Amino acid sequence: MRRYLARKILIYALTFFVAVSINWLIPRLMPGDPIRTMLSRGASGDEASMERMRAYYEQTFGLDEPAWQQYLNFWTSLARGDLGISVWLFPQPVTEILLSAVPYTLALLLPATLLSWVAGNRFGAFAARSKWLDNTLLPLGYVLTATPYMWLGILLAWGLGIVAGWFPTAGPYGFGSIPGWNWPFISDLVSHWFLPFASLFLVAFGGWAIGMRNMIIYELEAEYSTYLEALGAPRRLVRRYAFRNAVLPQLTGLAVQLGTIVAGALLTEIVFAYPGLGNLILEALNNRDFFLLQGAFLFIVVGVLIANFIVDVIYVVVDPRTRTQMQGSAA
Amino acid sequence: MSLDVNDLAVYYRTLRGDVRALDGVSFSLADGEIMGLAGESGSGKSTLGKSLIRMDARMRHVAGTVRLDGAELPVADDARMVPFRFHQVSLVPQYAMSALNPTRRIGRMVRELVRSRGVDYAGVHPELLRRLELVGLDEQVLRRYPIELSGGMKQRVVMVVSTLLNPSLLIADEVTSALDVSTQRAVAEALAGFRDRGFVKSMVFVTHDLALVHQIADTIMVMYAGRPAEKASSRTIIEAPRHPYTRMLISSLPEVGVTFAGKRLQGIPGRPPGLLDPPPGCRFRDRCPLAFDKCAEQPPFAEVAPGHWAACWKAE
Ligand SMILES: Nc1ncnc2c1ncn2[C@@H]1O[C@H](COP(=O)(O)OP(=O)(O)OP(=O)(O)O)[C@@H](O)[C@H]1O
Ligand code: SF4
Ligand SMILES: [Mg+2]
């Protein structure tokens, strides 16, 4: 077990290292003078601040130093949490900008992904047991997953937001609200959060439910199920076993989902003007803010690695087969 | 009589019509009898075995009755069969290698299964350990996951679990075909030992391996195209069969000791009739060297000598 985890950690560390190195390499491989391109397309026309920016970036890129020195510098500043200065919001540090966006993304995506996973699995298993549900609600699930996200998001915003007027459709909170730990602000925050959350939840829910339904039907026909039934075991027991085994592949699916979580809300955040990482990436692209993009990319890589690691650990706990494989490969 | 099967007919429903996989099967098992069930692939052996414990959704009981220890076995009624399963009739399935839930420790699975059948687990635990030891497994296996055991070990675990409640009838469907030759022998003998110790009263041992089955079975029944062709003591079947099919079956084996695993028999030209719409009369007629006019009529499965039944007009 320890050996397995150690190996996993090593693999993740290696992935991280390679990703960061590529991240460093790309601007240096860009043709022409990346700094000038960036600056000319960047922010203000103010001569003085342009000159300051230019000086800063020349120094950051340390173009008069040898490449290996530049590379080492990059790692050192990374270790200090320094991801450079944004072009778009100069002179705000990239780390600061990212950290202010991350809570919004997480608040949206973690609950949407986890809740849709739990609810979708429960519902899929339940639907597999009832002909009626299977015939009515699962097609609905197919429709939900097949709907382009953009369309569903706009439909929700239009239906529940504009027509019914129940929820606001844009921004993290109302213009008039003053952030603080008071009830009116929190409820404002939640009502702004609801629609983007609901749209993400719905789309993912359909997918999980369909996956679970198919998996559990497969497990119920597996031989361990048939054996239990031949020995007269009650349906409850057979289903409990089947559910547990059917959840395993779903767990892998969850790992993939959690991995893309950080970037995944791009569309949601655009549709609902929600200030998370996805929105930030869009802004960075529009403003050619390379440092911001680079920083966002790093965050995503770290997010993917952490999510995968967590699921790896959970998997080892719930599936004895992985443990045996571990022993096999460790031997 | 422990088991009494009378004129049992079970069809598979398919889009093209009914497949008459069992079409008038009658036989009985004495207390303590181990009956080997042999026959070409597709002759209905597994269908017979399943019919006695749990029919799958495509199977349809058409006719016939089954009695076990004097009481009727409601084979056609899935819900009414439940009390009999495991307690009275049990099964060592063909797929014993994958019959155990891969994500449960074996001990826990057995405990949950036993409890779900309304049996106090603490009461059977010592017996479980004793029987595991009997088949050469120690207590440790209960703490293992199925994947940690070899195929033969899983097979023995399933044998012990299936017979834990001392069923009257055990159906063992090709339990040896996935094992290597030396293990096959050990498994078959272990099952015979279970009968000797009274863990099970009688047994239907489905197999392709006549050589193996004749060593442990008291009687052998040969099936052909959904019907029994001949049933007699193992010795009689091997040495003095009366049905032309059994005779060809025995003589087509180069020597007793060879499996006719699933392949069409080489010594007998032709193939069994399709069961979707089988011709009337004796189903072996197209391949039978002795066929004559009367064979257009179905021969009864009649007792041609004491303890010896055959379905052939020429067998008397
Ligand atoms: N699900 C099914 N649907 C339709 N026909 C079936 C089905 N299962 C079995 N059959 C048919 O029923 C007949 C008997 O099948 P069965 O499995 O009982 O044969 P068997 O004697 O056990 O053969 P084997 O030695 O290959 O295991 C065969 O002709 C087969 O084609
Ligand atoms: S009844 Fe006729 S066809 Fe059938 S086995 Fe006997 S002799 Fe052959
Ligand atoms: Mg079979």
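Predicted model, so just to flag it, every value in this text is computed and none were measured.
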- Segment of Arg85(B) engaging chain A (4.5 angstrom heavy-atom cut-off):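 For Arg85(B), backbone and side chain are both near chain A.
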
- Item | Contact class of Leu113(B) relative to chain A, heavy atoms under 4.5 angstrom |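 Both backbone and side chain.
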
- List the atom of Arg104(B), the atom of Tyr241(A), and the distance in Å for their closest heavy-atom pair.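 Closest heavy-atom pair between Arg104(B) and Tyr241(A): NE-CE1, 3.5 Å.
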
- Look at atom OH of Tyr218(A) and say whether more than 12 heavy atoms of other residues, nucleotides or ligands are closer to it than 6.0 Å. no

- Is the number of heavy atoms from other residues, nucleotides or ligands within 6.0 Å of CZ (Phe126(A)) greater than 12?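 Atom CZ in Phe126(A) is not crowded, with 12 or fewer foreign heavy atoms closer than 6.0 Å.
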
Of the listed residues ([options]), which shares the most heavy-atom pairs with chain A below a 4.5 Å separation?
options	result
His87(B), Glu112(B), Met109(B)	Glu112(B)
Ser90(B), Pro93(B), Pro83(B), Pro102(B)	Pro102(B)
Val114(B), Val82(B), Asn101(B)	Asn101(B)

- Message: Is there a side-chain contact between Glu223(A) and Met97(B) in this structure, where contact means two heavy atoms from C-beta onward sitting under 4.5 Å apart?
- Response: no

- Message: Taking the side chain as everything from C-beta on, heavy atoms only, tell me whether Tyr227(A) gets closer than 4.5 Å to Val158(B).
- Response: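 In short, these two side chains touch, coming nearer than 4.5 Å.
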
- Task: Find the one option among Ala233(A), Ala230(A), Ala242(A) whose heavy-atom pairs under 4.5 Å with chain B are most numerous.
- Result: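 Winner by heavy-atom pair count: Ala230(A).
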
- For each of Glu219(A), Arg240(A), Arg236(A), tally heavy-atom pairs with chain B at distances under 4.5 Å, and name the one with the top tally. Arg240(A)

- Message: Closer than 3.5 angstrom, by distance alone: can the side chain of Arg117(B) be matched with the main-chain N or O of Leu231(A) as a donor-acceptor pair?
- Response: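 Yes, because the side chain of Arg117(B) sits within donor-acceptor range (under 3.5 Å) of the backbone of Leu231(A).
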
- Using non-hydrogen atoms only, which part of Thr226(A) is less than 4.5 Å away from chain B: side chain, backbone, both, or neither?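 Both parts, heavy atoms under 4.5 Å.
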
- Task: Residue by residue, scan residues 159-168 of chain B and write down, ordered by number, those that have a heavy-atom distance under 4.5 Å to chain A; if none do, write 'none'.
- Result: Val161(B), Ser162(B)

- Task: Would you please go through residues 130-141 of chain B and name the residues with a non-hydrogen atom below 4.5 Å from one of chain A, in numerical order?
- Result: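 Counting heavy atoms that sit under 4.5 Å from chain A, no residue of residues 130-141 of chain B is involved.
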
- Item | Approximate separation, where rounding is to 0.5 Å, of Glu229(A) CD and Asp56(B) CG | 10.5 Å

